[in-house]
Chemist: 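Below is one structure. I have some questions about it.
Order of listing sets the numbers, starting from 1, for every ligand and every atom in it. For reference, positions follow the sequence shown, starting with 1. What you are looking at is a predicted structure, and each value in this text was computed from that prediction instead of being measured.
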Amino acid sequence: MADATLAPTLDDWKARAARARIPTEAVIDGKSVASASGQTFDCVSPLDGRLLARVAAGDAEDIDRAVRAARASFESGVWSNRAPAERKKVLLRLAALMLEHREELALLETLDMGKPIGDSSRIDIPGAAGCIAWFAEIVDKVYDEIAPTDPSALAMITREPVGVVGAVVPWNFPLYMASWKVGPALATGNSVVLKPAEQSPLTALRLGELALEAGVPPGVLNVVPGFGETAGRALGLHMDVDAVTFTGSTEVGKYFLEYAGKSNMKHVSLECGGKSPHIVMADCPDLDQAARAAATGIFFNQGEVCNAGSRLLVDETIKDAFLDKVMAHGRKLQPGDPLDPKTRMGAIVDERQLGRVLGYIEAGKKDGAQLKMGGTRVRADSGGYYVEPTVFDGVDNKMKIAQEEIFGPVLATITFKDVADAIRIGNDSIYGLAAAVWTRDLTTAHKMARALRAGTVWINCFDHGDNTVPFGGYKQSGLGRDKSRHALDKYTQLKTTWIHLGR
Ligand code: NAD
């Protein structure tokens, strides 16, 4: 074991991995439990294809148990009726516990979904704890309203928790995305049933345990691991779930709209896919900085990022020189052992996703795009799933690799002639999650920011943000917003209380 004051090395992380405790049971009504059916599913590490653990496979019965526990806790008022300042204290304890367990959580995240340990320990876990703390801090600072009615009435507009919230999250930032839901949902007094992705259940299970340790009452945060088609579907169709908050693919997001229509018209908010245009104008203020941002914008987290800058739109007059710079940065991001603190690109989440990514690379070649860099599986002898940073040039925006979300380290380069052309191509997508523009012209920057149909537009940077700003999509990238005080809208509903005072 390394000196605690030194950053752990690859050998330290391997030793820790060998003796790590892997949580495998659902957390329902304050207890760790097996699935009602006794069924489990294999949790396989993408690092080396090794079986990490057999995790409880929750299905409709487990979801029902969890929803009943959530409902009972909500109705009892043990959390929903607590003063916001009291909920704040408990959630700040939870955030502190997450940071205390940062290395343990980072290790689980890396083993489970393949991201580099440097990222999980420096980005995912502190980011998740920070989000919980941010929503803890805001909730005793928001006020309700009195409406400007006729003086004969007093009309109060108050926010109330929606009740039981189902949270369904993906595998690319498992704990981080869970915190975007659980933070505001718990802060506003709801009870929650969290269903992590089947590819990455471990940190969510640990979150459920830590929440109990922090003092979140039993039944208020339940975590049910299981497959989308069983557990996820059951949550979407449950008649006693008041709201579903989902992050995942556009395809599955649409199922949740259907589930709501077929059941109790529960509120649905969706954070879905993207195909973000990363636009570099000829007057880009710093081509080196933009090239670094373009490379990390697609290769960070193995390209498994909803807002990845997967379409690089470059002015045709600077394209060749710019792309050389992007590739020079990309070459430095070769996949390595995710447990090595020096690794900057890790493993693809599972064998199925590996197949999907390689399939898109083949489609790009078949459609006539030029493969300039990467394009193959590497480190296969490890037993894990790794793909080189891959760059296509000569892409037409109509091609499959420009239209569909690959969710892997594959960049599609497209040229444009002028501002109007860049906006047209940028907006020619079913998605509208994010976009970026590099220009030194203030007018171009503002005009493009207005014209691009995306929930976030970055100017002269990429993927910047914090808890203070909303995040979410236009078009088929979603409905509703995570983060910021606007996220509170998803977890509360407005009540009007009209008191007749008389004259
Ligand atoms: P996914 O849609 O396959 O799965 C997401 C969740 O839905 C998982 O928990 C899964 O078990 C569940 N699910 C799957 N099928 C289901 C069904 N039929 N019924 C109910 N639930 C079901 O997505 P993924 O592959 O886990 O994650 C990648 C996707 O997530 C990408 O499209 C990415 O863009 C998106 N994403 C979006 C954001 C955002 O904020 N907009 C953030 C991260 C990821």
Chemist: Going by the angle between their ring planes, with limits at 30° and 60°, are Phe300 and Phe173 parallel, tilted or perpendicular?
Modeler: tilted

Chemist: Check this for me: Arg344, atom CZ, are more than 12 non-hydrogen atoms of other residues, nucleotides or ligands nearer than 6.0 Å?
Modeler: no

Chemist: What do you reckon, does Ser249 have a nitrogen or oxygen under 3.5 Å from a nitrogen or oxygen of ligand 1?
Modeler: yes

Chemist: Please confirm whether Trp180 and Phe471 have ring centers closer than 6.0 angstrom.
Modeler: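 Trp180 vs Phe471: aromatic centres under 6.0 Å.
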
Chemist: Using heavy atoms and a 4.0 Å limit, tell me yes or no: is Phe173 in contact with ligand 1?
Modeler: no

Chemist: For the residue pair Met345 and Pro409, what are the closest heavy atoms and their distance?
Modeler: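 Looks like CE-CB, 3.9 Å.
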
Chemist: Within a distance of under 4.0 Å, is there any protein heavy atom near atom 4 (O) of ligand 1?
Modeler: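 Flag for atom 4 (O) of ligand 1 set to false, no protein heavy atom closer than 4.0 Å.
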
Chemist: Evaluate Asp482 for polar contact with ligand 1, using N/O atom pairs at a separation under 3.5 Å.
Modeler: no

Chemist: Using a strict cut-off of 4.0 Å, indicate which atoms of ligand 1 neighbour a heavy atom of Val168.
Modeler: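 Taking each heavy atom of Val168 in turn, ligand 1 has 6 (C), 7 (O), 9 (O), 12 (C) under 4.0 Å.
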
Chemist: With atoms numbered from 1 as shown, which atoms in ligand 1 lie under 4.0 angstrom from a non-hydrogen atom of Met177?
Modeler: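 Those atoms are 42 (C), 43 (C).
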
Chemist: State whether the number of non-hydrogen atoms from other residues, nucleotides or ligands found under 6.0 Å of Arg21 atom CZ is greater than 12.
Modeler: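 Result for CZ/Arg21: enclosed.
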
Chemist: Out of Tyr259, Phe256, Phe227, Tyr431, who gets a non-hydrogen atom closest to atom 18 (N) of ligand 1?
Modeler: Tyr259

Chemist: Could Lys366 and Glu362 be called an ion pair, given the rule that one side-chain N must be under 4.0 Å from one carboxylate O?
Modeler: no

Chemist: Before you tell me yes or no, could you show the steps for Arg356 and Asp350 under salt bridge (Lys or Arg N to Asp or Glu O under 4.0 Å), namely the whole-Å CA-CA distance, both residues' side-chain angles and the distance that decides it to 0.1 Å?
Modeler: CA-CA 10 Å; Arg356 259 175 67 93; Asp350 63 9; over 6 Å; no

Chemist: Could you list which atoms of ligand 1 come closer than 4.0 Å to a heavy atom of Asn172?
Modeler: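 This gives 43 (C), 44 (C) as the contact atoms.
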
Chemist: Enumerate the atoms of ligand 1 whose separation from the nearest heavy atom of Gly232 is less than 4.0 angstrom.
Modeler: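 In order of numbering, the contacting atoms are 20 (C), 21 (N).
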
Chemist: For atom 27 (O) of ligand 1, grab the closest protein heavy atom and report residue, atom and distance to one decimal in Å.
Modeler: Pro170 CB, 3.3 Å

Chemist: So, are Asp367 and Lys400 salt-bridged, with charged N and O less than 4.0 Å apart?
Modeler: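 No, no charged N to carboxylate O under 4.0 Å.
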
Chemist: Please evaluate residues Val349 and Asn172 with respect to the criterion side-chain contact (heavy atoms from CB on, under 4.5 Å), reporting the C-alpha separation (whole Å), side-chain torsions for both, the decisive distance (0.1 Å), and the verdict.
Modeler: CA-CA 8 Å; Val349 69; Asn172 60 336; over 6 Å; no

Chemist: Between Val169 and ligand 1, is there a nitrogen or oxygen pair with a distance under 3.5 Å?
Modeler: yes

Chemist: What atoms in ligand 1 come closer than 4.0 Å to a heavy atom of Glu405?
Modeler: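 Every atom of ligand 1 under 4.0 Å from some heavy atom of Glu405: 31 (C), 32 (O), 33 (C), 34 (O).
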
Chemist: When you check the gap from the basic side-chain N to the acidic O, do Asp48 and Arg50 get nearer than 4.0 Å?
Modeler: yes

Chemist: Measuring from atom CG of Leu221 to atom CH2 of Trp79, what distance do you get when rounded to the nearest 0.5 angstrom?
Modeler: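 With rounding to 0.5 Å, CG (Leu221) is 9.5 Å from CH2 (Trp79).
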
Chemist: Looking at Arg159 and Asp489, does any basic side-chain N land under 4.0 Å from a carboxylate oxygen?
Modeler: yes

Chemist: Determine, for Asp240 against Arg68, whether the closest basic-nitrogen to carboxylate-oxygen distance falls under 4.0 angstrom.
Modeler: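 Arg68 and Asp240: not salt-bridged.
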
Chemist: Under 4.0 Å between a side-chain nitrogen and a carboxylate oxygen: does that hold for Lys275 and Asp428?
Modeler: no

Chemist: Suppose I only count heavy atoms of Lys195 and a 4.0 Å limit; which atoms of ligand 1 are within that range?
Modeler: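 By the 4.0 Å cutoff, the relevant atoms are 9 (O), 10 (C), 11 (O).
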
Chemist: Gly473: heavy atom below 4.0 Å from ligand 1, yes or no?
Modeler: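 Checking ligand 1 against Gly473, which is what was asked, there is no heavy-atom contact under 4.0 Å.
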
Chemist: Counting only heavy atoms closer than 4.0 Å, does ligand 1 sit against the backbone of Leu235, its side chain, both, or neither?
Modeler: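 No part of Leu235 is near ligand 1 at this cut-off.
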
Chemist: Among Lys483, Arg233, Arg356, Glu198, whose heavy atom sits nearest atom 11 (O) of ligand 1?
Modeler: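 Result: the heavy atom closest to atom 11 (O) of ligand 1 is in Glu198.
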
Chemist: List the closest protein heavy-atom neighbour of atom 21 (N) of ligand 1: residue, atom name, distance to the nearest 0.1 Å.
Modeler: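 For atom 21 (N) of ligand 1, the nearest protein heavy atom comes out as Gly228 O, 3.4 Å.
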
Chemist: Looking only at protein heavy atoms, identify the closest one to atom 41 (N) of ligand 1 and say how far it is in Å.
Modeler: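 Result for atom 41 (N) of ligand 1: Cys272 O, 2.8 Å.
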
Chemist: Under 4.0 Å, heavy atoms only, figure out whether ligand 1 is touched by the backbone of Gln199, its side chain, both or neither.
Modeler: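 The answer is neither; Gln199 stays 4.0 Å or more away.
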
Chemist: Between Ala231 and ligand 1, which residue portion shows a heavy-atom distance shorter than 4.0 Å: side chain, backbone, both, or neither?
Modeler: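 Looking at Ala231 and ligand 1, no heavy atom falls under 4.0 Å.
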
Chemist: Using a 4.0 Å heavy-atom threshold (strictly under), name the region of Tyr255 that reaches ligand 1: side chain, backbone, both or neither.
Modeler: side chain

Chemist: Side chain, backbone, both or neither: which applies to Thr247 and ligand 1 if a contact is any heavy-atom pair less than 4.0 Å apart?
Modeler: both

Chemist: Check each atom of ligand 1 against the heavy atoms of Trp171 and keep those under 4.0 Å away; list them by number with element.
Modeler: 24 (P), 25 (O), 26 (O), 27 (O)

Chemist: Ignoring angles and geometry beyond distance, decide whether Thr250 reaches within less than 3.5 Å of ligand 1 through its nitrogen or oxygen atoms.
Modeler: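 Between Thr250 and ligand 1, no N or O pair is found under 3.5 Å apart.
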
Chemist: Check ligand 1 against Cys306 and write out every atom of the ligand that is under 4.0 Å from a heavy-atom position of the residue.
Modeler: 33 (C), 34 (O), 36 (N), 37 (C), 38 (C), 39 (C), 40 (O), 41 (N), 42 (C), 43 (C), 44 (C)

